[in-house]
Protein chains: 2
Amino acid sequence: MERIIATYHIETPIAPEDAAAILAGEQSSGTFVAVPGETEELKRRFAARVESVERTGTVTAPSMPGASSPNGTFHQATVRVSWSIEQFGTNLPMMVSTLQGNLYEIRAFTGLRLIDIDLPTSYGTHFRGPAYGIAGCRELTATHNRPLIGTIIKPSVGMTAAETATIVDTLAGAGIDFIKDDELMSSTANNSFEQRLDAVMDVLERHADRTGKMVMYAFNISGEMDEMLSRYESIVDVGGTCAMVSINSVGLSAVKRICDEGALAIHGHRNGWGMLTRHPMLGIDFKAYQKIWRLAGVDQLHVNGIANKFWESDDSVVASIEACQTPLFDQPNPLPVVSSGQWGGQAFETWRRTQTIDLLYMAGGGIMAHPMGQAAGVMSLQQAWQAAVEGLDIDQAASRYPAFAAARKKFEGK
Amino acid sequence: MERIIATYHIETPIAPEDAAAILAGEQSSGTFVAVPGETEELKRRFAARVESVERTGTVTAPSMPGASSPNGTFHQATVRVSWSIEQFGTNLPMMVSTLQGNLYEIRAFTGLRLIDIDLPTSYGTHFRGPAYGIAGCRELTATHNRPLIGTIIKPSVGMTAAETATIVDTLAGAGIDFIKDDELMSSTANNSFEQRLDAVMDVLERHADRTGKMVMYAFNISGEMDEMLSRYESIVDVGGTCAMVSINSVGLSAVKRICDEGALAIHGHRNGWGMLTRHPMLGIDFKAYQKIWRLAGVDQLHVNGIANKFWESDDSVVASIEACQTPLFDQPNPLPVVSSGQWGGQAFETWRRTQTIDLLYMAGGGIMAHPMGQAAGVMSLQQAWQAAVEGLDIDQAASRYPAFAAARKKFEGK
């Protein structure tokens, strides 16, 4: 029978082997005292199994405060635990409750982090995965041989639908591939979802008639289930190609339901992610996290960016891009969304470290605040990527491309 | 215009006032560089506002690793930030993305925790809150003047539907008020949801015909949206009174959709909660968390228990019970679900510290492994509560009640 294997980093004052056994018991057939009915056959079939325990070191202070160790030592280890697929089948929320449920509450752990999930073959058959992914998003935006260039409407909130449409008009005229609502913006008192959808799509249709290219606009539908479905339909009706959902806030079952529709590319915004991952010995690694959302069918996933304005290291960003571009079954790979404090300058390091152009490269202020205007902002990003892929360095790129040079002067001060 | 106020505990190497301003900017109209369109009028209407900053102390090591401070000092503070209701209206996922979104990623914070949310009056009109809550669950189970006594079917997974029904039969015969699936159990290879629903409800109907009391069984419907709705309907069709959802795994939009149906009491299981709250300077406090799920309409919310088997302190458990029983608008209060390693022995301290019987008091092994059988297990819990409320101590209770005395011998060894 197929098994799902979860890899954790654990920290514990007791023997890591014992801590892993507690985890396996708590998350399958165990309770705090033996009960009737817990037969050997039942345990054979349904008990979670500790597959391996690899000790990685010791520390003298617990990662989570409030715990003590009799000898002042806390062991760190990588453990692999497996469950029979018979326990929860292909039910994703049940998989999450099993792999990430009450185990974080277990007293024996002073640190616990889900690092990876090995999924069984049947998941590749049952789940379609992203309906569009990288290839589909390239197709929808007619963008090939370079990253998709995108931006976020800023200011995040406060503008009217008409003001938003005016900016969209400029950006579409400048040859942008993708535009999105900010994650803080869905429907405000002065800019309803419906008004913005109509105003933006009018503009984009007009540009598409002229150029043959429909710019992808990610309308933020995050909200209640029925409203999301109805807004999704509205986007389809007026010829839009993308809806955005804040995956952590909306939650797994509703996001899966939206993705199942399959008529739009789904832009998965991971705001709230910092809470789940920022402490290195708590929560979940992106490698595991992105697998869950790929199974749900998300087409685009945020990965932060090189030299971002947030806490995340470049190494972590690079690992996240690689995770999205590692095949899962024969499903389309999701498009990594690079953003946060980005302008063309980071294209060079992003390319050097990832060697991929299969990215949605997003700049907010980096485009909207370009000194020569937003059209030059878009152009400067395309130039940066062209230069990076051709092997130019940042100085050479600035000499060759005036729009990029102007961006550099603005954002790097030289 | 109404505002929503969020209270955070923060930790930062910079001045807390500056860090709070960064948070407010990031979560409303800000970007990393000023952009056209960010007018004064727009900022007046939509900018988040720092309402107060109260410094609470300094530490010399950051709560989140990886950060440094020029002078080695990290400030801790309680800050209150407010948003105009015009930014997201009554859209709960958007509220979560605003109050708990990218702010956890901000570099200036070495700790950030959402402590409380002050909701505006209009939320009390817009959201119904729990359809049943404490009073409704008492009504549905015909249980008055004492806590509802409940149990979790154990072993968590592995038994057949028929084996489950046999246990339910014994428990119902013993006068239990509430039984639930384990959060790890929804539909297994040897115990499908439908089989279990039929087998359990047959038994409960039979007992209800005899006693006039329908035991509440929380069938775990956690899963995909449409399947949850269809299972919900199946429960209603056969006369069940409750459905269980793992709120973190299922997610907010889908849980709200389920609660909106209003035909069943919704048992909200918070597995995964440890990940969101265990680090004291990261994540979210239960006080804020439970408000979100009350607005969604959850009728029963887990709060752990006194002297539980997990990491959580008694103080934290008591605070959670109080949070659930603090009125929110004029909505029914949700029923706090006390569980984890419970038997009758904790009734005394639970009563002493909370002075409430408006609880669903759950014992898994505490009932199922009672030395005189499960009926005596149920009885021992009722006895413990009766004794506690009457002012008896644990020794006096054991002298008066043989079933409780037997439980004490089993679980306390004396």
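In what follows, chains are A, B, ... by sequence order, proteins preceding strands, each numbered from 1. The analysis underlying the following values was restricted to heavy atoms, covering all of them including side chains, and did not include hydrogens, waters or symmetry mates.
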- Item | Contact origin within A/His370 toward chain B - heavy atom pairs under 4.5 Å | neither
- dist B/Asn308:CG -> A/Glu105:CD (nearest 0.5 Å) comes out at 8.0 Å
- Query: Do you know which of A/Gly274, A/Ser253, A/Ser186 has the most heavy-atom pairs with chain B at a distance under 4.5 angstrom?
  - Reply: A/Ser253
- Message: What part of A/Ile106 gets within 4.5 angstrom of chain B, counting heavy atoms only: side chain, backbone, both, or neither?
- Response: both
- Which answer fits A/Ser187, side chain, backbone, both or neither, if we ask what part of it has an atom under 4.5 Å from a heavy atom of chain B? backbone
- Query: Between atom CE of A/Met94 and atom CG of B/Leu184, what is the distance when rounded to the nearest 0.5 Å?
  - Reply: 6.0 Å
- Note on the structure: Tightest non-hydrogen contact, residues B/Trp311 and A/Tyr104, listed as CD1-O, 4.3 Å
- To the nearest 0.5 Å, how far apart are CE in B/Met159 and CZ in A/Phe46? 11.0 Å
- Task: Count the heavy-atom pairs under 4.5 Å between each of B/Lys256, B/Glu41, B/Glu163 and chain A, then report the option with the highest count.
- Result: B/Lys256
- Query: Given that the side chain runs from C-beta out, which part of A/Trp83 has a heavy atom under 4.5 Å from chain B: side chain, backbone, both or neither?
  - Reply: neither
- If you tally heavy-atom pairs under 4.5 Å between each of A/Gly251, A/Gly223, A/Ala108, A/Gly272 and chain B, the highest tally belongs to A/Gly223
- Query: Going from CE on B/Met225 to CG on A/Asp226, what distance comes out if it is rounded to the nearest 0.5 angstrom?
  - Reply: 8.0 Å
- Item | Which of A/Leu103, A/Leu112, A/Val157 touches chain B most, by non-hydrogen pairs under 4.5 Å | A/Val157
- Contact leader toward chain A among B/Gly89, B/Ala254, B/Ser97, B/Ser246, where contacts are heavy-atom pairs under 4.5 Å: B/Ser97
- Task: State the CZ-CE distance between B/Arg278 and A/Met64, to the nearest 0.5 angstrom.
- Result: 7.0 Å
- Task: Among B/Val245, B/Asn91, B/Ile292, single out the residue with the greatest number of heavy-atom pairs under 4.5 Å to chain A.
- Result: B/Asn91
- Would you mind checking which part of A/Ser63 comes under 4.5 Å of any heavy atom in chain B, side chain (CB onward), backbone (N, CA, C, O), both or neither? backbone
- Which is it for A/His269 and B/Asn102 under the side-chain contact (heavy atoms from CB on, under 4.5 Å) test, yes or no, and what are the steps along the way? CA-CA 10 Å; A/His269 198 292; B/Asn102 271 348; 4.0 Å; yes
- Qualifying residues under side chain to side chain contact (heavy atoms under 4.5 Å, CB included), relative to B/Asn191, sequence neighbours excluded: B/Ala161, B/Thr164, B/Met185, B/Thr188, B/Arg196
- Message: Please give me the minimum heavy-atom distance between A/Pro93 and B/Val250, naming the atom from each residue.
- Response: CB-CG2, 4.1 Å
- Nearest heavy atoms of A/Val96 and B/Ser249, plus distance in Å: CG1-OG, 3.7 Å
- Message: Out of B/Glu312, B/Met281, B/Glu227, B/Arg45, return the one with the most heavy atom pairs under 4.5 angstrom to chain A.
- Response: B/Arg45
- Item | Contacting moiety of B/Asn248, where chain A heavy atoms sit under 4.5 Å | neither
- Item | Atom pair OG (B/Ser156) and CD (A/Gln27), whose distance is rounded to the nearest 0.5 Å | 8.5 Å
- Message: Between A/Asp260 and chain B, with a heavy-atom cut-off of 4.5 Å, which part of the residue counts as in contact: side chain, backbone, both or neither?
- Response: side chain
- Query: With B/Pro280, which residues qualify under side chain to side chain contact (heavy atoms under 4.5 Å, CB included), at least two apart?
  - Reply: A/Pro65
